[in-house]
Amino acid sequence: MQTEILDRQKKAQEENAEITGSQALLEALIIEGVNTIFGYPGGAIMPIYDALYDYNDKLEHILVRHEQGGIHAGQGYARTSGKTGVVFATSGPGATNLVTGLADAMIDSTPLVCITGQVFAHLLGTDAFQETDVINITTPVTKWNHQITDANEIPEVLAKAFYIAKSGRPGPVLIDITKNAQLQKFNYSGYKKCTHIRSYRPKPIIREEYIKAAADMINKAQKPFVIFGQGVILGEAEQEFKQFIEKGGLPAAWTILGLSALETDHPLNVGMLGMHGNYGPNVMTNQCDVLIAVGMRFDDRVTGRLDRYAKQAKVIHLDIDPSEIDKNVKADVPVWGDCKQTLPMITNLLEKRNHENWLNGFTECMKQEVEAVIDEEMHPKTDVLTMGEVIDQLNELTKGDAVIVTDVGQHQMVACRYAKFTKSKSNITSGGLGTMGFALPAAIGAKYGAKDRTVVAVIGDGGIQMTIQELGTIMQNNINVKILILNNRFLGMVRQWQQLFHEKRYSFVNIESPDYVAVAKGYRIEGNSIEDRSKLVSALDTMLKHDGPYLLEVFVGKENNVFPMVPQGCGVSEVRLK
Amino acid sequence: MKQEFTITIYTENQVGLLNRIAILFSRRKINIESLNTSPSEVESIHRFTIVISETEEVVRKIVRQIEKQVDVLKAYYNTNDEIIWQELALYKVPTEIIAEKVKVERLLRTYGARAVVIRKDYTIFETTGQREETDTLIKVLEQFSLIEFVRSARVAIIKDSKGFHEKLKEFEQAEPQIKNIEKTAILDEADTKIV
């Protein structure tokens, strides 16, 4: 591959070849190591698709059913592969359909390069057919965007796009290319990867005095508590992180985007933070003396009420993005930098410790939670299945090796709470934006990003109906994803809030479903639907063992709630067990 | 406590960057009181001067968000004490009234104004100064049928600034060394916390 890339560059330089903008774009993708594209053609991107016709052997293009599906697939791909997802869409509606995915990727720091076609440059601003001001629409939801009107710009801008998307705190980049630039022939003198942009510092400079201050503070702590987020995964610092907590004997809890960075069964993994997180991590946040935040951004779903959040604790905040420091929670020691570099520097200065008593506190909390919540969820006294036991059985069968893609709502919280993971980059979910409809297309991308792994999309009966058209993509490409619909015949999370905070005034949460098995059958996808406990294990087993995509619908309790819960407007220590 | 802050931003000269910066304010429902863009002392580097009234905490956070933008090199924020600033104002008044009723010479001298255009039908005065100064002249001229008034955005120079030539050299290095990096407001603040 590497030699082929060099050959291509050399050839281009020798010939000083005349190629079109579209060809230059595809050359750029190949040299950037792209092999999978999710997209949908249309008028303004036709020259690129025409060029793609000749690149079919090098670039695998997956035709999705809707551009939103395309971009979520790009996100799923990026999250399991650790590479940059690439998405094609046409101008106008094609481009506006990307907006939800861009916002999702922006808030969840997912590296994407999206290419949109645009009308001819001379038509810009004339309300031409399928013309939309894509650059201005997408400015707030992209890390960077740029419009190309001349093919000569393509190599350099694409190089910048890939560099910006993946470096520092990753994010989505959108490049809008007018049709004339796609068609235009120009003298191509090769593609040079970008490694530096003068106005852009992807990584802040590490300051050793803060490393030292952080280590001192941790060494002096009696009740240190680590909370970690996706930064550990994005920085590929899973090993460094583990060495850090193991040397310091530091209990560690995760945000839902940090989930799977540390294996579930690790003795220092004390569970999930936030609104539906575990009891211990929430309560202990307000008891620890030093709070060490690694690659996380103190989202309100994690902190609850800020003025009641860890007020007793000194805060150490490790983040690659300086604007996150002090944004929500004031840091006593700000450790700017890539945690892959900063964590080992701190670990070096740590004393080997074992905070046994403190760690036991978490175990005690877990006992309370098991009694009050988890026992009932795992072994319900009624015949009606719970979401928790479905996930628990799934764990048994997959041994924690599967990639779990979740949508948004109750099933997401339950899956994150109970799914077991042994490998990083295994939990794919829409965290910051909370995009219903994310899971099905993201699972498609997740499978392309991790072809040798089992991918299970856990989806509610609401979310599946938002992007159900992507069953078509799965059908056409025979993508081996397992679709597990947890059907409670309600928009469950909204219903839970209406029950708890709106006097059970169930306003428009009663959602009906089609016969999913029949729908799947229409797409030539096999499926099954169950509601009996006795059939659960075999149905899951059949799904996992099936050679190809499979849809399994499991009916679960209609009015089950997710607990523990930190109600909105409350502090984390006010977490409710029922 | 809200007060006036002047934000100075050094950027690449890029289409669309003005919008990218402006929406950082509008997203937080902050009104931009004045905005000026101009070239800087360094060729190809643009300079934004933005005035807002906000608490320092809000300003600090927004400046970090501005600096995070890919095409922004550096952003600073300053109180009015830390800068030298000026605004330019133009006033159009009917010449006949002015000529009849006002001692133009005295007017010009008292308010540091300058007549830019004198025509039969109207005269345009110009003053440069701070807000109160330009405001005072409006009051005076309002009595003499002020036809039109316009004031420019603030331009400001930071008293402590050493300009951007040296700073740019740091940015142009792919691997900057710590000694080359000037302490920023954020680092300074964090420093004091540790001591």
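Numbers restart at 1 for each chain; the letters A, B, ... are given by sequence-line order, proteins then strands.
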A/Lys160 portion near chain B, given a 4.5 angstrom heavy-atom threshold: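 The side chain, not the backbone.
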
Over 12 foreign heavy atoms within 6.0 Å of [atom1], [X]:
X	atom1	result
A/Lys314	NZ	no
B/Asp160	CG	no
A/Lys327	NZ	yes
B/Glu43	CD	no
B/Lys159	NZ	yes

Atom pair CD (A/Glu324) and NZ (B/Lys68), whose distance is rounded to the nearest 0.5 Å: 5.5 Å

Would you compute the distance between atom CG of A/Asn136 and atom CD1 of B/Ile23 and round it to the nearest 0.5 angstrom?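 Reported to 0.5 Å precision, the distance equals 8.0 Å.
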
Can you tell me which residue pairs pass the salt bridge (Lys or Arg N to Asp or Glu O under 4.0 Å) test with a partner in residues 136-151 of chain A, sequence neighbours excluded?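 Residue pairs with at least one partner in residues 136-151 of chain A: there are none.
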
Pairs involving residues 2-14 of chain B, ordered by first then second residue, that meet salt bridge (Lys or Arg N to Asp or Glu O under 4.0 Å) (sequence neighbours left out): A/Arg198-B/Glu12, B/Lys2-B/Glu54, B/Glu4-B/Arg154

If you count heavy-atom pairs under 4.5 Å with chain B, which of A/Asp321, A/Thr195, A/Ile135 comes out on top? A/Asp321

What heavy-atom pair brings A/Ser323 and B/Arg64 nearest, and what distance separates the two atoms? CB-CB, 3.8 Å

Minimal non-hydrogen separation, B/Arg60 against A/Lys330, with atom names: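 That closest heavy-atom pairing would be NH1-NZ, 3.4 Å.
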
Judged by atom type as modelled, is there a donor-acceptor pair below 3.5 Å linking the side chain of B/Arg20 to the main-chain atoms of A/Thr139? yes

Steps toward side-chain contact (heavy atoms from CB on, under 4.5 Å) verdict (B/Gln14, A/His146): CA-CA 9 Å; B/Gln14 279 280 349; A/His146 188 86; 3.9 Å; yes

Using non-hydrogen atoms only, which part of B/Leu24 is less than 4.5 Å away from chain A: side chain, backbone, both, or neither? neither

With a 4.5 angstrom heavy-atom cut-off, which part of B/Val70 approaches chain A: side chain, backbone, both or neither? both

